[in-house]
Structures are given as C-alpha cells and as structure tokens.
Amino acid sequence: MDRRSIGECATRLDPRAPSARTKLTKKLPAQGLSTVPNPNPSRHASCTAVIGLQWGDEGKGKVVDILARSHDAVVRYNGGANAGHSVVVKGERYALHLMPSGILFPGKPAVIGNGVVVCPETLLKEIDGLRARGVDTSGLVVSDRAHVVLPYHKAEDALREQMLSRGSMSDAGGAGGDLSIGTTKRGIGPAYAEKVQRATAIRVGDLLRPDALRSKLDLACALKARTLGALTNDAALAVAWDADAQFRSCVAWGERLRPHIADTVYMLHDMERAGKTILFEGANATLLDVDHGTYPYVTSSSTCALGIGAGTGIPPQKIGRILGVMKAYSTRVGAGPFPTELKDDTGARIRERGREYGTTTGRPRRCGWLDLVAVRYSAMINGATGLALMLFDVLSGFDELKVCTKYRVRGEITDRFPPDAHDLSVAQPVYETLPGFGEEIASCTDRAALPANAARYVAFVEEQIGLPVDVLSVGPDRAQTMIS
Ligand code: GDP
Ligand code: IMO
Ligand code: MG
C-alpha cells in the first residue's frame with residue numbers, strides 16, 4: 001500500500017467522523033444531565049488520543065505519524081526525553097524523544113504541553129538533528145508552563161539509582177538487594193519532584209525572565225550542592241552547582257527557543273473553538289503511570305489519557321477517540337514485575353525478531369507473551385474506544401502462541417490486575433494456547449488475506465478486550481499498516 005492509500009485509510013479514523021462512543025451515546029435515553037443541550041454539538045469531542053496500554057514502546061510513534069495527517073495539531077502532554085518514539089518513512093528512521101511525532105508534517109503545530117518536563121539541551125539537539133535531515137521544525141510550540149530539566153536533575157537521577165542499586169545508603173550495601181527503578185537517567189523523576197516542591201522549579205517561560213530565573217537558580221544550586229552531596233561519598237560527584245554557569249546555559253537556551261515558546265493552553269482552546277482537530281501523543285505508557293501503573297516501578301507522570309487534561313488544559317469531554325496501542329506480545333525495560341516474562345529462548349527469539357532494544361537507552365527489552373489481564377485493565381483506565389495492535393509480524397513462525405487471560409494469585413484465579421508491584425510480583429499467568437502461523441505477514445495489506453491462525457489471534461484479542469482492532473501493524477513502515 002502506498003503512502004496515499006494509507007492516508008486515505010487513515011481518514012477512516014478521522015475525528016470528524018462519528019466515533020463508536022458518539023454512536024452509543026445516541027442510543028441512550030435522554031435523562032438527567034444528558035437532557036441539558038450541548039451548546040455546540042458540532043465541536044464536541046473532536047480530539048483523539050494515542051496511548052500505550054503496556055510498559056512503553058508499543059509503537060505509539062508510528063500510530064501518531066499515521067493519524068497526524070488527519071489532525072491539525074499533535075500534542076505531547078506528559079513525560080520528557082525518557083520517551084523514544086520511532087517513525088519510519090520510506091525506509092528513513094526517525095527517533096523522537098521530546099519532539100511530538102507530528103513534526104514530520106511540515107508546518108503542522110507540534111506542541112509540547114505544560115505537563116511535559118523539557119531538557120532544553122536535548123530538545124535543541126533534536127531540532128538540529130532534524131533540520132540537518134531536511135525536516136522543517138517551524139511547527140514546534142513549547143508551553144511556557146512546561147518545566148525545565150536541568151543538569152542537576154540528571155545527576156540526581158543517576159545518584160539515586162546508584163544508591164538504590166546497593167539497597168542501602170551505606171557503601172557497604174544493605175540487605176535489601178537492588179532497589180533501583182532502572183530509570184532512563186534523563187532526570188525525569190527529580191524534575192517532576194522539583195515541580196511539586198515549587199520554589200526552585202524553573203519553567204520554560206522563566207528562561208525568558210532573567211531576574212526570576214537568576215533568583216530561582218541561586219536557591220536551587222545552593223540546595224543541590226547540599227542534597228546531591230548527601231547522596232554520595234564520592235567528592236567528585238558532590239559537585240558544587242555553579243549558579244553562574246547554569247544561568248548562562250538557561251539564557252542561551254531561552255534565546256534559541258524563544259520563537260517556539262507560547263501559552264499553549266489558549267492556543268489549543270483557540271484551535272478547538274475554530275473546529276480544528278487535535279491529536280494527543282501519550283509518552284511512556286499506562287502501566288508506567290505514577291498513579292495507575294506498577295508502582296513504584298513506574299515513571300513520574302500521568303501517562304494515561306487521564307493525564308491529558310492536566311498536561312494540556314484541554315478538558316476530557318473534548319476527547320472522543322482514545323486509541324489504545326499494544327504490541328501483539330509484551331515488553332518491559334527497566335525493573336519491576338512482569339508476569340508473562342520469558343527468560344528463555346522464546347523470549348530471546350521475540351527480542352531478536354522484534355529488534356527489542358530501547359530507542360532511548362539501547363537497553364535490551366525484557367520480552368514475554370501477551371498479557372490480556374494487564375491490557376484489559378489499561379483499556380479500562382483509559383476509556384479506550386479502539387485498539388492498535390502492533391508488531392504482529394514478529395509472531396510469525398512460532399508453533400504456538402500463548403496468551404495470558406487470567407492470573408493465579410495465592411491459589412485464587414482472578415481476571416483483575418493488581419497494579420501495586422508487591423501484589424503483582426506474586427501473580428502467575430494462566431495461559432490459553434492458540435495455534436501459531438508460519439507465514440510471514442509483513443507484506444500483507446488486507447486483513448481478509450491474513451493466514452487463518454493470524455486472523456484467529458486478532459479476533460481473540462478483540463473478544464478478550466471487548467474493543468475492535470482499528471489499526472493492525474505488520475512492520476515499522478507507514479505502508480505496513482491495515483486500518484479498519
Ligand atoms: P513507542 O515508544 O511506543 O513509539 O515505540 P518505539 O518506537 O520505542 O518502539 C517500537 C519499535 O517497533 C520501533 O522500532 C518501531 O519502528 C517498530 N515497529 C512499530 N510497528 C511495528 C510493526 O508492526 N512491526 C515491526 N516489526 N516493528 C514495528
Ligand atoms: P516510550 O514513550 C519504555 C521506564 C524506564 C524505567 C521507568 C522509569 O518510548 O514508550 P524514568 O526515566 O521515566 O524515570 O524511568 O520507566 N520508561 C519507559 N520504558 N518506554 C518508555 O517511553 C519509557 N519511559 C520510561 O525504563 O523502567
Ligand atoms: Mg519508545
């Protein structure tokens with residue numbers, strides 16, 4: 001399928017078309033609050049969200065890239081440079097970290113919302129890298145209220161991980177073993193913690209306010225020298241953070257980013273009022289959500305659809321379509337419970353076929369069978385209206401495919417997901433075994449032409465989750481996508 005026909009198919013997911021949810025609402029009897037007339041029904045629920053339903057790297061970048069052409073703006077609302085979203089266009093691969101994936105559409109607003117933590121150094125490198133490849137980055141807009149990740153946040157991230165890996169504050173190590181989270185060391189947790197602590201936090205808008213910036217940095221650097229010093233006995237690592245140097249960097253970053261900095265809340269509401277459609281690009285994924293994920297082995301933001309309101313200022317009733325993105329199997333990077341993990345040859349085979357190595361850190365991803373208990377939970381938390389089933393081609397060639405449909409927890413069978421890491425660590429998967437398919441499907445362009453056992457797998461997923469597979473992906477390229 002060429003790029004134009006993919007585009008034509010993608011318009012089937014056009015947010016202006018009535019969604020499944022809208023159709024359902026029409027059937028409901030008018031009662032209670034629903035009898036209050038909608039002041040402007042034509043503008044209702046015109047936004048779409050793309051959210052990962054597992055532990056990240058589900059292929060969100062590819063799905064956003066496909067849907068971006070039928071939307072007027074692409075917006076990130078959470079996370080930071082911990083994300084790594086790959087998009088492959090005509091064999092060219094782009095790895096985006098802070099840049100919304102919509103940047104590959106020239107001039108289209110690609111918005112970094114207020115809920116994101118922005119490392120200006122990384123963002124500027126990304127802008128330069130894309131420009132060097134001929135990509136027009138003029139569409140980038142960064143919220144003046146997004147928070148800035150500074151070098152001391154990255155240092156703190158690394159020091160905390162080092163300390164936690166010893167299981168204790170003492171150099172001799174503790175009895176607790178390795179307690180590290182396995183973060184990306186991009187300073188995400190410390191930057192969000194600073195935001196919540198308030199007084200010393202720097203927002204993107206502060207990069208353009210030298211006086212406020214200077215006084216915040218003086219306070220922050222004095223505090224960091226003490227707190228980071230306390231995290232290590234290594235004198236070289238307990239650097240006295242120099243406020244002058246930080247100030248100079250921040251001012252230089254501000255000058256370069258100045259044309260892109262704006263009040264994105266009013267900008268997005270103005271667009272929405274003008275009938276434009278907005279696509280929200282989730283970073284990280286639901287099972288890494290700070291509230292609803294496998295805590296404490298999570299990231300530090302609201303990664304699921306529930307985070308969109310806080311992270312952009314757009315209220316939830318404007319989001320009509322929530323596409324849950326899932327791999328046809330499971331992966332996880334970093335520490336934390338993973339009930340269907342395969343530490344054997346089958347796991348290694350999935351890793352090699354799926355090229356499961358981190359887009360941000362290059363770490364090998366842990367691999368396992370599809371966990372439908374987890375995905376059902378994520379679909380519920382997000383209010384997903386449909387699914388994008390990704391990396392399906394990776395499952396070709398296995399004699400049989402196992403799918404976890406329930407857990408056994410302390411002898412009891414349950415279909416509920418216990419998100420707390422302690423509770424989840426004792427959950428044992430209960431599998432159903434489906435027949436495998438030997439045929440390669442990477443060039444398949446029509447769902448009706450799928451091998452029978454492949455079609456059976458897709459139908460099983462739809463039935464178990466109770467949602468349609470709207471997007472079926474059989475390779476990294478835009479063209480390797482079936483949209484229904
Ligand atoms: P994201 O973080 O959710 O955007 O996902 P990543 O980009 O980190 O990881 C997904 C990887 O799978 C990337 O290397 C994609 O190019 C690749 N990919 C996406 N869809 C498919 C697919 O259907 N088949 C295969 N084989 N690879 C895919
Ligand atoms: P995308 O958007 C996969 C994981 C890290 C670690 C935990 C906390 O590409 O799907 P952090 O640096 O955020 O404090 O790390 O969260 N993690 C991801 N894993 N994909 C991601 O993003 C991730 N973002 C964070 O590996 O286990
Ligand atoms: Mg990724």
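Below, all heavy atoms of this structure are taken into account, side chains as well, without hydrogens, waters or symmetry copies. In each ligand, atom 1 is the first atom listed, and ligand 1 is the first ligand listed.
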Arg353, CZ atom: more than 12 neighbouring heavy atoms under 6.0 Å: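 Yes, enclosed.
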Should the heavy atoms of other residues, nucleotides or ligands under 6.0 Å from CZ of Arg416 be counted, would the total exceed 12?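 Count not over threshold, so no.
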Can a donor-acceptor pair be found between the side chains of [X] and [Y] at a distance below 3.5 Å?
| X | Y | result |
| --- | --- | --- |
| Asp157 | Thr183 | yes |
| Gln54 | Tyr329 | no |
| Glu400 | Thr433 | no |
| Arg186 | Thr360 | no |
| His85 | Thr359 | no |
| His153 | Glu194 | yes |
| Asp65 | Tyr94 | no |
| Thr294 | Asp420 | no |
| Glu352 | Tyr357 | yes |
| Thr303 | Asn78 | no |
| Thr385 | Arg321 | no |
| Thr264 | Arg145 | no |

Under a 4.0 Å heavy-atom limit, does [X] contact ligand 2 with its side chain, its backbone, both, or neither?
| X | result |
| --- | --- |
| Arg332 | neither |
| Arg186 | neither |
| Asn284 | both |
| Trp55 | backbone |
| Thr361 | neither |

Kindly indicate, with the supporting measurements, whether the criterion side-chain contact (heavy atoms from CB on, under 4.5 Å) is fulfilled by Thr137 and Met99. CA-CA 9 Å; Thr137 56; Met99 274 289 189; 4.1 Å; yes
Tell me whether ligand 2 is touched by [X] - counting only heavy atoms on the residue side and a distance under 4.0 Å.
| X | value |
| --- | --- |
| Ala283 | yes |
| Arg365 | no |
| Ile181 | yes |

Check ligand 2 against [X] and write out every atom of the ligand that is under 4.0 Å from a heavy-atom position of the residue.
| X | answer |
| --- | --- |
| Thr184 | 11 (P), 12 (O), 15 (O) |
| Lys60 | 1 (P), 2 (O), 10 (O) |
| Asp57 | 1 (P), 3 (C), 9 (O), 10 (O), 20 (N) |

Main-chain N/O of Ala305 paired to Asn382 side chain as donor or acceptor, under 3.5 Å: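 Side chain of Asn382 to backbone of Ala305, a donor-acceptor pair under 3.5 Å: yes, one is there.
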Below 3.5 Å, N or O to N or O, backbone or side chain included: is there any such pair between [X] and ligand 2?
| X | value |
| --- | --- |
| Glu58 | no |
| Gly84 | yes |
| Thr299 | yes |

How far is [atom] from its nearest protein heavy atom, and which residue and atom name does that atom have?
| atom | result |
| --- | --- |
| atom 7 (C) of ligand 2 | Val298 O, 3.9 Å |
| atom 14 (O) of ligand 1 | Arg93 NH2, 2.6 Å |
| atom 26 (O) of ligand 2 | Arg363 NH2, 3.0 Å |
| atom 26 (N) of ligand 1 | Asp393 OD2, 2.8 Å |
| atom 17 (C) of ligand 1 | Pro476 CB, 4.2 Å |
| atom 15 (C) of ligand 1 | Ser86 CB, 4.0 Å |
| atom 2 (O) of ligand 1 | Gly84 O, 2.9 Å |
| atom 12 (O) of ligand 1 | Leu391 CD2, 3.7 Å |

About how many Å separate [atom2] of [Y] and [atom1] of [X], when rounded to the nearest 0.5 Å?
| X | Y | atom1 | atom2 | answer |
| --- | --- | --- | --- | --- |
| Lys327 | Ile350 | NZ | CD1 | 10.0 Å |
| Thr299 | Ile181 | OG1 | CD1 | 9.5 Å |
| Asp477 | Lys62 | CG | NZ | 7.0 Å |
| Lys108 | Ile103 | NZ | CD1 | 11.5 Å |
| Tyr457 | Leu401 | OH | CG | 6.0 Å |

Under 3.5 Å between any N/O of Gly61 and any N/O of ligand 1: does that happen in this structure? yes
N or O pair under 3.5 Å between Phe392 and ligand 1: no
Please classify the [X] to ligand 1 contact at 4.0 Å (heavy-atom distances, strictly less than): side chain, backbone, both or neither.
| X | value |
| --- | --- |
| Lys62 | side chain |
| Asp57 | both |
| Val87 | neither |
| Arg353 | neither |

Pick whichever of Ala285, Gly334, Gly182 has a heavy atom sitting closest to atom 6 (C) of ligand 2. Gly182
Regarding atom 27 (O) of ligand 2: of the candidates Thr331, Thr183, Val333, which has the closest heavy atom? Val333
Please check if the distance between the ring centroids of Phe392 and Phe437 is under 6.0 Å. yes
Near the Mg ion (ligand 3) (cut-off under 2.8 Å), count of protein N, O or S atoms: 2
Is the closest heavy-atom distance from Gly475 to ligand 1 below 4.0 Å?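 Flag set, Gly475 near ligand 1.
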Answer yes or no for Arg365: is there a heavy-atom contact with ligand 1 below 4.0 Å? yes
As an exercise, identify every atom of ligand 1 less than 4.0 angstrom from a heavy atom of Ser473.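 What qualifies from ligand 1 is 20 (N), 21 (C), 22 (C), 23 (O).
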For ligand 1, which atoms, with element, lie under 4.0 Å from some heavy atom of Gly59? 1 (P), 3 (O), 4 (O), 5 (O)
